[in-house]
There are 2 protein chains.
Amino acid sequence: MGSTERRARERHATRERILAAARALFVKEGFEAVSMRKIAAAIEYTPAAIYTHFKDKTELLMALGDSDFGLMRDSMRDVEKIADPVERLRACGRAYIRFALEHPHHYRLMFMTSWPYIEPKDCLIEHGNADEDAHAFLCGLVRECIQAGRLRPKYRDAHTTTQACWAAAHGVVSLYITHGSDPWVDFKHPRETAELLLDAAIDGMLNPTPARDRTPRTRVAKVAPDTKARRRA
Amino acid sequence: MGSTERRARERHATRERILAAARALFVKEGFEAVSMRKIAAAIEYTPAAIYTHFKDKTELLMALGDSDFGLMRDSMRDVEKIADPVERLRACGRAYIRFALEHPHHYRLMFMTSWPYIEPKDCLIEHGNADEDAHAFLCGLVRECIQAGRLRPKYRDAHTTTQACWAAAHGVVSLYITHGSDPWVDFKHPRETAELLLDAAIDGMLNPTPARDRTPRTRVAKVAPDTKARRRA
DNA sequence: TCTGTAAGCTAACAGTGTTAACTGACTGAG
DNA sequence: CTCAGTCAGTTAACACTGTTAGCTTACAGA
């Protein structure tokens with residue numbers, strides 16, 4: 001009689017408490033501070049208790065990071081308002097940089113840590129849904145630039161170009177996150193470097209002959225919807 | 001007597017043996033496999049013995065990675081032969097990518113791990129010496145492009161532009177190293193992505209009005225020699 | 001011969017992730 | 001009402017990790 005449901009609810013609740021404790025430790029003291037024992041202590045449980053909810057420390061950490069992909073996507077809502085596809089792409093890059101600089105710990109977990117395989121069904125995010133999945137969103141922006149005929153021929157493979165754009169933004173912030181306080185290289189503020197690199201890369205991809213919308217080529221239209229993308233739990 | 005010299009020599013020798021053992025473990029089994037106990041076992045010492053030669057595990061690891069910066073610089077010797085400065089820059093990017101893909105473990109240690117402060121004098125590399133220091137070398141290439149009048153005005157700050165170029169290359173390889181086997185994004189081969197991004201970025205930086213060598217502007221000429229750069233031990 | 005130095009060893013500390021075996025509360029069936 | 005089963009959570013351990021205080025032992029210089 002619904003008691004099994006209550007138990008399931010309780011189980012889910014403690015799972016959430018574990019995640020909350022882990023997240024609190026994580027944002028306050030960084031990646032290394034998150035130990036099973038500390039998490040357990042924070043919620044007054046035994047370390048072993050966590051293992052009835054998560055297979056691994058890795059699984060816990062990944063469940064943690066997973067939900068941040070939604071946060072990242074949300075931080076890009078504003079760019080959709082921009083009409084010009086190329087400017088939209090540029091703004092997306094800026095939003096990405098901003099997110100990374102505002103949440104360096106999360107960024108580190110999301111993009112600078114190797115993830116194990118996670119089943120698509122175990123994720124909050126629907127892969128390839130540009131409304132939830134930031135990677136699919138970026139890919140969509142690139143595709144719009146292509147369809148508007150704004151990119152040179154060699155940049156008309158949406159996937160590769162998406163990865164190039166991603167890599168440009170990631171390069172700036174990840175370099176800054178790991179080496180920003182390294183006295184050997186005096187880093188400019190990453191926002192400045194990113195601006196420069198994104199401008200250079202995007203300008204370099206642009207068609208010199210100006211816009212004039214044309215119907216997408218067959219090749220472009222055939223690009224499959226982005227089924228491989230980012231996750232959330 | 002010179003016996004003190006002999007002792008110093010012996011001390012140095014065991015230090016090198018420790019480093020060699022650590023390196024062997026490192027390249028064979030990766031970063032995580034390098035534990036003080038395993039290193040000690042490999043050279044038939046006690047873990048504690050290592051601490052008479054290195055303050056820390058970190059110091060050991062850094063001493064390890066340090067020598068690789070020279071290796072990296074060496075892998076770029078060929079690009080100096082290229083006459084055109086812009087093509088030289090492009091080739092430098094390619095060499096960087098190649099090095100990273102051929103030595104992913106080293107790359108990870110060198111550029112994807114936070115380094116503690118190391119005294120300049122404790123390094124094999126002379127900072128800012130383009131002949132030893134890869135970062136200074138890159139900076140030199142950028143400066144040559146600037147002095148040849150090949151870059152648009154906004155890219156004429158050598159330091160920031162150097163960082164942008166570095167970030168582009170780093171973005172591609174670091175993304176690939178951490179997420180290359182991630183089934184959620186189907187990565188293109190990084191060489192392809194890198195080619196695309198480097199071309200876009202460099203083309204985007206180029207002056208549309210073609211070359212014709214001009215004497216460097218005052219602003220450019222005043223750029224200080226690159227005193228902050230990469231190390232080696 | 002005695003003394004100081006210092007490389008290396010022993011043994012331990014405090015921490016880590018993880019697991020087998022147990023406890024105790026609660027559920028549903030007989 | 002009782003009995004068996006389920007399962008969240010605990011206990012206590014294992015096998016690791018980096019690191020250090022204190023000892024031993026060899027050796028150089030006076």
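Naming convention: chains lettered A, B, ... in sequence-line order (proteins, then strands); numbering from 1 in each chain. These numbers were taken from a predicted model, which means no experiment stands behind them.
For the residue pair A:S174/B:H170, the side-chain donor-acceptor check at 3.5 Å is satisfied.
Protein atom CG of B:L60 is 14 Å distant from nucleotide atom C1' of D:dT19, rounded to whole Å. Atom C1' of nucleotide D:dA8 and atom CD of A:E10 are separated by 10 Å, given to the nearest angstrom. A straight line from CD of B:E59 to P of D:dT19 spans 11 Å, rounded to a whole angstrom.
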Show each protein N/O and nucleotides 22-24 of chain C N/O combination with a separation under 3.5 Å, one pair to a line.
none

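Using a 4.0 Å cutoff on non-hydrogen atoms, the parts of residues 19-45 of chain B near DNA chain C are B:R37, B:Y45, ordered by number. DNA chain C is contacted by B:A48, B:A49, B:T52, B:H53 of residues 48-57 of chain B, taking any non-hydrogen atom closer than 4.0 Å.
Residues that satisfy the side chain to side chain contact (heavy atoms under 4.5 Å, CB included) test with A:P190, not counting sequence neighbours, are A:L101, A:V172, A:Y176. Taking the side-chain hydrogen bond (donor to acceptor under 3.5 Å, both in side chains) definition, one finds that B:E80 meets it with B:R73, sequence neighbours left out. By the side-chain hydrogen bond (donor to acceptor under 3.5 Å, both in side chains) test, A:H12 pairs with no residue at all, sequence neighbours left out. For B:H103, the side chain to side chain contact (heavy atoms under 4.5 Å, CB included) test picks out B:L71, B:F99, B:H106, with sequence neighbours left out. Applying the side-chain hydrogen bond (donor to acceptor under 3.5 Å, both in side chains) rule to A:Y96 yields the partners A:Y107, A:W166; only residues at least two apart in sequence or on another chain are considered. Partners of A:R191 by side-chain hydrogen bond (donor to acceptor under 3.5 Å, both in side chains), not counting sequence neighbours, listed by chain and number: A:H189. In this view, B:D78 and B:K81 satisfy the side chain to side chain contact (heavy atoms under 4.5 Å, CB included) rule, not counting sequence neighbours.
Contact check, A:R11 against D:dC7: no side-chain N or O comes under 4.0 Å of OP1 or OP2.
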Atom pairs and distances, donor-acceptor, side-chain atoms in residues 36-52 of chain B, under 3.5 Å, two or more places apart:
from	atom 1	to	atom 2	distance (Å)
B:T52	OG1	B:A49	O	2.8

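Within the structure, every pair that satisfies the salt bridge (Lys or Arg N to Asp or Glu O under 4.0 Å) test and touches residues 88-102 of chain B, not counting sequence neighbours, is listed here: B:E87-B:R90, B:R88-B:E144, B:R90-B:D199, B:R90-B:D203, B:R94-B:E195.
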